[in-house]
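Take a look at the structure set out below.
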Amino acid sequence: MRLHVELPGLQLKNPIIPASGCFGFGEEFAKLYDLSILGGIMIKAATEESRFGNATPRVAETAQGMLNAIGLQNPGVDAIIEEKLPFLSTFDTEIIANVAGSTPDEYVEVARRISADPTIKAIELNISCPNVKCGGMQFGTDPVMAAELTRLVKAASSKPVYVKLSPNITSITDMARAVEAAGADGLTMINTLVGMRIDIQTGQPILANRIGGLSGPAIKPVAVRMVYEVAQAVDIPIIAMGGVRTVDDVLEFIYAGASAVAVGTANFENPYVCQEIIEALPSRLDSLGIEHILDVRGKAYAQLVSRP
Amino acid sequence: MRLHVELPGLQLKNPIIPASGCFGFGEEFAKLYDLSILGGIMIKAATEESRFGNATPRVAETAQGMLNAIGLQNPGVDAIIEEKLPFLSTFDTEIIANVAGSTPDEYVEVARRISADPTIKAIELNISCPNVKCGGMQFGTDPVMAAELTRLVKAASSKPVYVKLSPNITSITDMARAVEAAGADGLTMINTLVGMRIDIQTGQPILANRIGGLSGPAIKPVAVRMVYEVAQAVDIPIIAMGGVRTVDDVLEFIYAGASAVAVGTANFENPYVCQEIIEALPSRLDSLGIEHILDVRGKAYAQLVSRP
Amino acid sequence: MRRDVTIISNRQIAKATMEMKVRCPGVEVAPGTFFHIKTSGLLRRPLSVANVEGEEVTFLYKVIGEGTSELANKRVGDTLDVLGPLGNGFPLAQYGKRVVLVGGGIGVPPLYYVRRRLHEMGIETIAILGFDSKESVFYEEAFQALGETIITTVDGSHGERGFVTGPLARIDADVLFSCGPEAMLKAVAASPIPERYVSIENRMGCGIGACFACVCKAPEGYVKVCSDGPVFNAEEVLL
Amino acid sequence: MRRDVTIISNRQIAKATMEMKVRCPGVEVAPGTFFHIKTSGLLRRPLSVANVEGEEVTFLYKVIGEGTSELANKRVGDTLDVLGPLGNGFPLAQYGKRVVLVGGGIGVPPLYYVRRRLHEMGIETIAILGFDSKESVFYEEAFQALGETIITTVDGSHGERGFVTGPLARIDADVLFSCGPEAMLKAVAASPIPERYVSIENRMGCGIGACFACVCKAPEGYVKVCSDGPVFNAEEVLL
Ligand SMILES: Cc1cc2nc3c(=O)[nH]c(=O)nc-3n(C[C@H](O)[C@H](O)[C@H](O)COP(=O)(O)OP(=O)(O)OC[C@H]3O[C@@H](n4cnc5c(N)ncnc54)[C@H](O)[C@@H]3O)c2cc1C
Ligand SMILES: Cc1cc2nc3c(=O)[nH]c(=O)nc-3n(C[C@H](O)[C@H](O)[C@H](O)COP(=O)(O)OP(=O)(O)OC[C@H]3O[C@@H](n4cnc5c(N)ncnc54)[C@H](O)[C@@H]3O)c2cc1C
Ligand SMILES: Cc1cc2nc3c(=O)[nH]c(=O)nc-3n(C[C@H](O)[C@H](O)[C@H](O)COP(=O)(O)O)c2cc1C
Ligand SMILES: Cc1cc2nc3c(=O)[nH]c(=O)nc-3n(C[C@H](O)[C@H](O)[C@H](O)COP(=O)(O)O)c2cc1C
Ligand code: FES
Ligand code: FES
């Protein structure tokens, strides 16, 4: 029970969740370990229709980071509900649907349909994808648009809504407060930073999409800082992500004020990483003298925060 | 001559410049190599009075990055003029003064005094330091304030003014256009991203200042993307920086649209790095079939840009 | 699927080209599959299996960037963290058919292993291997030992001058197995040989089918190179 | 000033404590100076010189994080990229004075080298070395060979129980050389011994005086630990 975390709509047996887009719909990882050990799973973004996404190359490596420009490739919300959720429903873990779109109507429609499925316990509203021309980050960098979209999706969704914040913004706290005021049940943060890498031989960007989203350990300090600031600015819980690959990274985000942590890029480096972190957590808590993991939530800004 | 770059106020014998704050006032590096080989030197930020800066620890390491919160420690503009510039004037290289302050008046005063010194060839207006409570980044994240400050400093400075942009902003192109319209002669970018690292044992931020500026290879993809976007949005030249440590990193920024490149954090890893890059440039240009380095400026967005 | 393998040898065999053998016990490795190899970079590096002998797996790799340079500096006795074998390989049951193997540059390695396996099954093959120039040629004798082998070099410094498509036009075959740069695969996929298999080398993220980094368009939707391939019937993909 | 040095030995000498010897020819290394050592991390790691014998330089280091773990895994024959020697060491000309050396934990290493040099000069010293517990104690015999040595451990499992300040209070000396954690240096700097030198271990960036990362407040302004120190007269710094 020392790892159990209760959040709006979610009973997490531990605070470790694979991040959206880095775990597909779980099928590949289910061959490697039992997905029921996970606190939850954030599945790949869903849009109304199926999307192919961007041209390839879609990934490039950077110093302790990677750029991706997948472009929200997915089979469309109905196919996800019919073909992917039944499989996911066989595991004892909380499934969180990542909802994307090009227009508010699309977001609303996707959220309405997918939240109605009993397998889905919460919605992650993706207003921060840097890899699509319309929608995505444009909603995530304007607090007024973000708040309006949150309100619409909240009204359409039958499950709690977590808004996924973009770090490509001047004031992440203003954004967080805006979506909190609009009714968000929680926040997930951060999505990727916008970046680029250029091929020295050709002088051209490596990604076909030219720009992409930077993830991995390189961005962790930015993510920790943003979680630290936002946790003090809002009252809704935060699921944090950005560069996590060890049990200490998880603790860093909890100290910064997060209530749970998602693991993205690290799944590519080590597909067993979530399992390894979950197994390592209890003894790490022992060695630090921490009873329940949330006993130290927000310790970086307060001497002690009581368990929620 | 294939490395020679001419920019407002600056005749750079090559486009390699140590970045502000990472090279002090040159004294330490002058013991290691002849500073006259450098295209220019961006000296540590000057404020009106001497400043001690923040408490220690002031640095922390992150994955291929570092956080610093020096807090603009410097002996004050008059001491710099009296004690530091005479030494720097003995080298055949272009000295660029980094100007900081807490109020517009302070910026103006520092720029006025230091630009009057004949050793100074240009001003770098630092509106992007994340490590001070007043001034610094607050000017750098609001285009209206930044433009106003640029106008004031431009009027006070007897040398060209390069505005140093912060990456901690939603639209770096809006900011670039605003300061261009206000009369900036050039841009330098990027300053550090705001980040944090928390000590696992204590749960407290490692930096005494809690937050700090993230620099080094980790941030290069963000810097390249921003230079790529801004180079297409403005007509004034860009001196780029962020994670440069090899000759190929220099070329990446030139391809992205920069006219010269500054090297910061890499000087700590290898104090000879600027010298090594300068020595490596000609043969790297040969191997890529590049005649003059600026022949490939902006190649990432245009097939060919003519030499300015 | 993730394992530590020990390096048995690691030597240069041609210009910027290395052969590495690792001990990898207890695994069945089909020709055309690959391993996803950890270096100090964040993303793994995919390398095709170039041969398997008992517990020894061979990789042949070109040193082109940071990851492959790091591999080139590994010493005997060092271990590598690998995922694999991954993906689906070449269809081996080609009895009675004339099989031609067409490889270009770093696309040559998987063709060696598939040829060896076909050879063991008594299936005759012709190989056409394209390189930049004489110094880049590797494994020529090893290929010769398994059947007719035609080498082409772009500059004509060894074998026939030109591209693999030159000799390919003369050859009459039922099945084609190919691996190499995209331009070559495109040309080869357009050959009149009735059955054509191509092995595609796209940039990868996860290597196991979860991230959609490596996709290739297909007549119906798309395929994932890492998990649906890397070997595809040329009809299944839009190159 | 930047050089590649070759590792001659690297062995554990106490709990999480390593001794590394490197060959570093042609350099004059004063006691109290340090080397700034490159690991795969971005920032170098400062380590004090614990001894010099001919061309061999010894470091004694505690394995606490990524950089020191990486160092602990280095093998004989590997090279290290180091900057150094850096900084200013202890003043050696203490003829006729009674010198006491006070070290705590990872502050002990530089005191060994300075004691050896003072011993060679015929200057007698007393050493007080503080550790957590018995398993952390290192170089006790080596120190004993150079003069009176008092060990303290926090848990009393070896030597006197408590902190170095206990024995220090009993000792009559003219000069104090000290290195250790900040709290210890503060206590020691307040001792009635007339001349007190402290070696400060602040987090560093450049290590050569250019970045202002390592500063320490001083009665007049500040000092840079890396280039003005790391050894200071206790009067020169505000701990
Ligand atoms: C299924 C498959 C099998 C392969 N088999 C072989 C083989 O047997 N021998 C061989 O020499 N090469 C092979 N390659 C190509 C090999 O993976 C790349 O040359 C290698 O990853 C380059 O890494 P680097 O760090 O040296 O280059 P960098 O350019 O520094 O690598 C940066 C990133 O780009 C990726 N990348 C760069 N070039 C390629 C490329 N051509 N293909 C895929 N990813 C690339 C890297 O994996 C890495 O993520 C194969 C690729 C795939 C997809
Ligand atoms: C002048 C000087 C001399 C030193 N001499 C010795 C010595 O002889 N033996 C020894 O065991 N240690 C010594 N230290 C401390 C040693 O530098 C650190 O223990 C070491 O850098 C930790 O690196 P890490 O990667 O294992 O730890 P990490 O915590 O992973 O390091 C992260 C960053 O913090 C810095 N850091 C962490 N702890 C310290 C610390 N206590 N002091 C300074 N920087 C730190 C690291 O250098 C690195 O930049 C000395 C420090 C200084 C400044
Ligand atoms: C290949 C890839 C695909 C991603 N796809 C999505 C997505 O579909 N929806 C989303 O909200 N975030 C997506 N992300 C962002 C991650 O969920 C996560 O926010 C980000 O990568 C930072 O975490 P990390 O550093 O642990 O990867 C993707 C990231 C990667 C690397
Ligand atoms: C220790 C340190 C001190 C810095 N001080 C200044 C400064 O005084 N003024 C300034 O404009 N930028 C300062 N910077 C920012 C650098 O000039 C540069 O913009 C940034 O570090 C990105 O480049 P890099 O990744 O090459 O270090 C400092 C950076 C570091 C690491
Ligand atoms: S590399 Fe991730 S799906 Fe193929
Ligand atoms: S570490 Fe840079 S000034 Fe001391």
Side-chain angles (χ1 to χ4, degrees), chain A residues 18 21-33 43-45 50-75 79 199-201 206-208 212 214-218 243 245 264-273 275-276, chain C residues 1-4 35-46 62 64-70 80-88 181-182 185 200-230 237-239:
Chain A
C22 302
F23 209 72
F25 298 96
E27 292 146 320
E28 295 77 17
F29 290 88
K31 293 177 199 149
L32 306 185
Y33 59 84
I43 59 178
K44 177 75 191 157
S50 83
R51 290 200 191 183
F52 176 70
N54 295 314
T56 56
R58 292 178 171 188
V59 291
E61 193 180 75
T62 70
Q64 285 302 303
M66 71 173 275
L67 292 166
N68 91 80
I70 307 297
L72 297 184
Q73 175 159 17
N74 80 99
D199 186 303
I200 297 303
Q201 299 296 331
I206 288 180
L207 297 178
L214 182 66
S215 62
R245 65 170 156 188
T265 304
N267 290 291
F268 305 162
E269 197 186 8
N270 173 11
Y272 300 91
V273 66
Q275 183 181 33
E276 289 173 10
Chain C
M1 192 187 56
R2 178 179 169 213
R3 56 190 103 242
D4 283 333
F35 280 81
H36 215 23
I37 302 176
K38 177 96 190 76
T39 63
S40 58
L42 199 60
L43 294 177
R44 288 171 179 265
R45 269 54 179 172
K62 190 134 199 158
I64 63 158
E66 286 179 28
T68 48
S69 304
E70 194 182 317
L80 284 182
D81 166 354
V82 304
L83 289 182
L86 299 174
N88 299 300
E182 202 177 303
L185 291 185
I200 303 178
E201 302 195 338
N202 272 2
R203 286 201 179 223
M204 290 185 176
C206 66
I208 60 172
C211 77
F212 300 99
C214 65
V215 294
C216 179
K217 287 212 172 167
E220 291 172 33
Y222 64 93
V223 291
K224 293 187 259 186
V225 171
C226 64
S227 53
D228 299 325
V237 287
L238 300 173
L239 285 169

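Residue numbers start from 1 in every chain, and the chains themselves are labelled A, B, ... in the order their sequence lines are given, proteins ahead of strands.
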* Structure fact -> Closest non-hydrogen atoms of Leu42(C) and Ser215(A), given as atom of the first, atom of the second and distance, are CD2-O, 4.4 Å
* Among Gly221(C), Gly209(C), Cys216(C), which has the most heavy-atom pairs under 4.5 Å with chain A? -> Gly209(C)
* Which atoms form the tightest heavy-atom contact between Cys211(C) and Phe268(A), and what is the distance? -> CB-CZ, 3.5 Å
* With a 4.5 angstrom heavy-atom cut-off, which part of Thr265(A) approaches chain C: side chain, backbone, both or neither? -> side chain
* Applying side-chain hydrogen bond (donor to acceptor under 3.5 Å, both in side chains) between Glu269(A) and each of His36(C), Arg44(C), Lys38(C), report the one that passes. => Lys38(C)
* Glu28(A) side, atom CD; Lys224(C) side, atom NZ - distance, nearest 0.5 Å -> 4.5 Å
* Qualifying residues under side-chain hydrogen bond (donor to acceptor under 3.5 Å, both in side chains), relative to Asn270(A), sequence neighbours excluded -> Glu276(A), Arg2(C)
* **Partner of Phe212(C) under side chain to side chain contact (heavy atoms under 4.5 Å, CB included), chosen from Asn68(A), Asn74(A), Ile70(A), Thr56(A)** => Ile70(A)
* Asked: Which bit of Phe52(A) is near chain C, if near means a heavy-atom gap under 4.5 Å: side chain, backbone, both or neither?
  -> side chain
* Tell me, which pairs form a salt bridge (charged side-chain N to carboxylate O under 4.0 Å, His left out) where one or both residues lie in residues 53-62 of chain A, sequence neighbours left out? -> Glu61(A)-Arg45(C)
* To do: Against chain C, label Lys31(A) side chain, backbone, both or neither, depending on which of its atoms sit under 4.5 Å from a heavy atom there.
  => neither
* Taking all non-hydrogen atoms of both residues, which atom of Arg203(C) and which atom of Pro57(A) are closest, and how far apart? -> CD-CB, 4.0 Å
* Exercise: identify the closest heavy-atom pair between Ile208(C) and Pro271(A) -> CD1-CB, 4.4 Å
* To do: Would you indicate whether Glu27(A), at its atom CD, is surrounded by more than 12 heavy atoms from other residues, nucleotides or ligands within a distance under 6.0 Å?
  => yes
* Can you tell which part of Ser40(C) gets under 4.5 Å to a heavy atom of chain A, answering side chain, backbone, both or neither? => backbone
* Asked: For Pro75(A), is it the side chain, the backbone, both or neither that has a heavy atom under 4.5 Å from a heavy atom of chain C?
  -> neither
